[in-house]
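Counting from 1, the numbers follow the sequence of the chain as shown.
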Amino acid sequence: GRSSAALGVVHEDAHVLVVNKPAGLLCHPSPGFWHSGTVVHELPGRERLPGFSPISDEMMAERLSYTGEADSAIPRAIVHRLDRGTTGVLLIAKTARAEEHLANQFRSRTT
C-alpha cells in the first residue's frame with residue numbers, strides 16, 4: 001500500500017499535469033489494480049498547486065484506440081507510462097489538444 005501523502009505535482013496548468021510517480025505505483029488500472037494502486041486512482045487527491053483544475057471525464061475515459069493491452073483500462077489522459085518500479089516524472093494530458101500534442105512528441109521522440 002501507499003502512504004497517505006498526496007501525489008506530488010511538479011507543474012499543472014489548464015492543459016498539462018506533471019506528477020512525480022513514485023516506485024511501486026502503476027500508471028493505470030490493470031488486473032489486481034482495478035480499484036487502487038495507480039496514478040489514475042491518485043489523481044483526484046493530488047497535491048493542489050496554482051493551476052489546479054479537475055481532469056475532465058472525457059480525458060479520464062478509456063482510450064478508444066487499441067493499446068495492445070486488452071486487460072488494461074488506459075485513460076486518454078495517460079499519454080506515456082513508466083514501469084511500476086520506476087520513480088520519475090509523468091506527463092498527463094488534461095485536454096484533447098494536449099493529448100494529441102504530447103502523443104505526437106512521444107511518437108517522434110522529441111519529448
Side-chain angles (χ1 to χ4, degrees):
R2 290 221 336 117
S3 70
S4 60
L7 186 64
V9 174
V10 176
H11 170 81
E12 183 165 5
D13 61 31
H15 301 281
V16 178
L17 170 63
V18 183
V19 299
N20 277 318
K21 187 198 85 62
L25 199 63
L26 292 174
C27 289
H28 59 79
S30 61
F33 297 90
W34 291 120
H35 304 290
S36 66
T38 75
V39 169
V40 169
H41 295 112
E42 299 285 329
L43 288 175
R46 70 186 177 273
E47 182 181 13
R48 300 289 202 261
L49 294 182
F52 170 83
S53 63
I55 299 173
S56 70
D57 290 343
E58 173 191 17
M59 294 308 296
M60 293 305 290
E62 196 170 335
R63 197 172 283 292
L64 297 179
S65 59
Y66 182 63
T67 62
E69 296 183 50
D71 62 348
S72 294
I74 305 173
R76 291 180 59 189
I78 303 296
V79 293
H80 75 110
R81 295 176 285 174
L82 298 172
D83 291 339
R84 182 178 181 189
T86 301
T87 297
V89 173
L90 190 70
L91 304 175
I92 297 168
K94 292 175 65 176
T95 64
R97 183 171 167 219
E99 174 192 24
E100 181 179 6
H101 184 72
L102 289 169
N104 286 337
Q105 286 187 2
F106 279 108
R107 218 177 350 269
S108 61
R109 305 258 192 261
T110 58
T111 295

**Q** Should we count CZ of R97 as having more than 12 external heavy atoms under 6.0 Å?
**A**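 No, CZ of R97 has 12 or fewer neighbouring heavy atoms, counting only those of other groups under 6.0 Å.
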**Q** Do N104 and H101 come within less than 4.5 Å of each other through their side chains, counting heavy atoms only?
**A**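 When only atoms from C-beta onward are counted, H101 and N104 do not touch, as no gap falls below 4.5 Å.
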**Q** Report yes if the side chains of V39 and I92 come closer than 4.5 Å at any heavy-atom pair, otherwise no.
**A**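 Yes - at least one pair of side-chain heavy atoms lies under 4.5 Å apart.
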**Q** Just wondering, do L49 and H11 contact through their side chains at under 4.5 Å, heavy atoms?
**A**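 A side-chain contact is absent here, since even the closest heavy-atom pair is not under 4.5 Å.
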**Q** Would you say I78 ends up clustered with L102 if hydrophobic residues are merged whenever their side chains have heavy atoms under 4.5 Å apart, either directly or through other cluster members?
**A**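 L102 and I78: separate clusters.
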**Q** How many angstroms lie between NE2 in H41 and CG in L26, if you round to the nearest 0.5 Å?
**A**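 If we round to the nearest 0.5 Å, H41:NE2 and L26:CG are 9.5 Å apart.
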**Q** Rounded to the nearest 0.5 Å, what's the gap from CG on D83 to CG on L25? Could you check?
**A**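 These two atoms lie 13.0 Å from each other.
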**Q** Does the side chain of N20 reach to within under 4.5 Å of the side chain of V89, using non-hydrogen atoms?
**A**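 The answer is yes, as the side chains (C-beta and beyond) meet within the 4.5 Å cut-off.
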**Q** Got F52 and V9 here, is their nearest side-chain heavy-atom distance under 4.5 Å?
**A**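 Side chain of F52 against side chain of V9, heavy atoms only: no contact under 4.5 Å found.
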**Q** Is the closest side-chain heavy-atom distance between M59 and K94 below 4.5 Å?
**A**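 Contact flag for M59/K94 side chains = no.
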**Q** Is P22 close to L7 at the side-chain level, that is, under 4.5 Å between some pair of heavy atoms?
**A**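 Of all side-chain heavy-atom pairs linking P22 with L7, at least one is under 4.5 Å.
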**Q** Could you tell me whether R63 and E99 have a side-chain N and a carboxylate O separated by less than 4.0 Å?
**A**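 Yes, this pair counts.
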**Q** Using a distance-only test with no angle check, is there a side-chain donor-acceptor pair under 3.5 angstrom linking H28 and R81?
**A**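 Yes, side-chain donor-acceptor contact under 3.5 Å.
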